[in-house]
Amino acid sequence: MPIIVNLDVMLARRKMSLSQLSEQVDVTIANLSVLKTNKAKAVRFSTLEAICKALDCQPGDILEYVEEEGS
């Protein structure tokens, strides 16, 4: 998938755990883990907004487009 989720990078930069983020954004650890491991098929804008607010970042800090080879 050409969209890469860099949630782990932002969590490390902010020295925050997934459980701390889960509490702040009111999203389960399991759902955040799916997002963090690039297994999510979609993300709600409300969830993205809450994550950006909690991590004090922009959506582009979390989401990255990487062109697939052969495309």
Side-chain angles (χ1 to χ4, degrees):
M1 180 179 283
I3 301 294
I4 306 298
V5 180
N6 293 313
L7 184 57
D8 54 343
V9 173
M10 288 308 300
L11 284 169
R13 286 184 183 165
R14 301 298 188 250
K15 296 179 173 57
M16 185 182 292
S17 70
L18 200 60
S19 59
Q20 290 171 316
L21 180 62
S22 173
E23 290 175 14
Q24 286 190 26
V25 300
D26 197 30
V27 175
T28 66
I29 293 173
N31 284 338
L32 286 176
S33 182
V34 167
L35 188 61
K36 181 180 163 189
T37 58
N38 278 317
K39 294 180 182 172
K41 298 291 183 198
V43 62
R44 290 184 177 162
F45 281 148
S46 58
T47 301
L48 185 58
E49 178 184 358
I51 291 171
C52 287
K53 185 174 182 178
L55 294 175
D56 188 30
C57 67
Q58 294 294 313
D61 296 327
I62 298 171
L63 302 175
E64 177 183 0
Y65 173 76
V66 177
E67 193 168 335
E68 291 180 330
E69 290 183 29
S71 295

*Could I get the full list of side chain to side chain donor-acceptor pair (under 3.5 Å) partners for Glu64, not counting sequence neighbours?*
Asn6

*Kindly give the heavy-atom pair with the smallest separation between Ala50 and Val25, and that separation in Å.*
O-CG1, 3.3 Å

*Restricting to pairs with a member in residues 8-19, which pass side-chain hydrogen bond (donor to acceptor under 3.5 Å, both in side chains), not counting sequence neighbours?*
Ser17-Ser19, Ser17-Gln20

*Can you spot which of Ile62, Leu32, Leu55 makes a side chain to side chain contact (heavy atoms under 4.5 Å, CB included) with Leu11?*
Leu55

*In Å, rounded to the nearest 0.5 Å, how long is the span from CG of Leu21 to CE of Met16?*
6.0 Å

*Are Leu48 and Leu7 joined in one hydrophobic group, where the rule is that I, L, V, M, F, W and Y side chains link up if heavy atoms are under 4.5 Å apart?*
yes

_Show me the pairs that pass side-chain hydrogen bond (donor to acceptor under 3.5 Å, both in side chains) and involve residues 23-36, at least two apart or across chains._
Thr28-Asn31

*So how far is it from Leu35 CG to Lys41 NZ, rounded to the nearest 0.5 Å?*
13.0 Å

*asked:* Tell me the closest heavy-atom pair linking Pro59 and Cys52, and the distance in Å.
replied: N-SG, 3.5 Å

*When hydrophobic residues are tied together by side-chain contacts of less than 4.5 Å, even through go-betweens, does Leu63 share a cluster with Val9?*
no

*Who passes side-chain contact (heavy atoms from CB on, under 4.5 Å) against Thr47, sequence neighbours left out?*
Val27, Val43, Arg44, Ile51

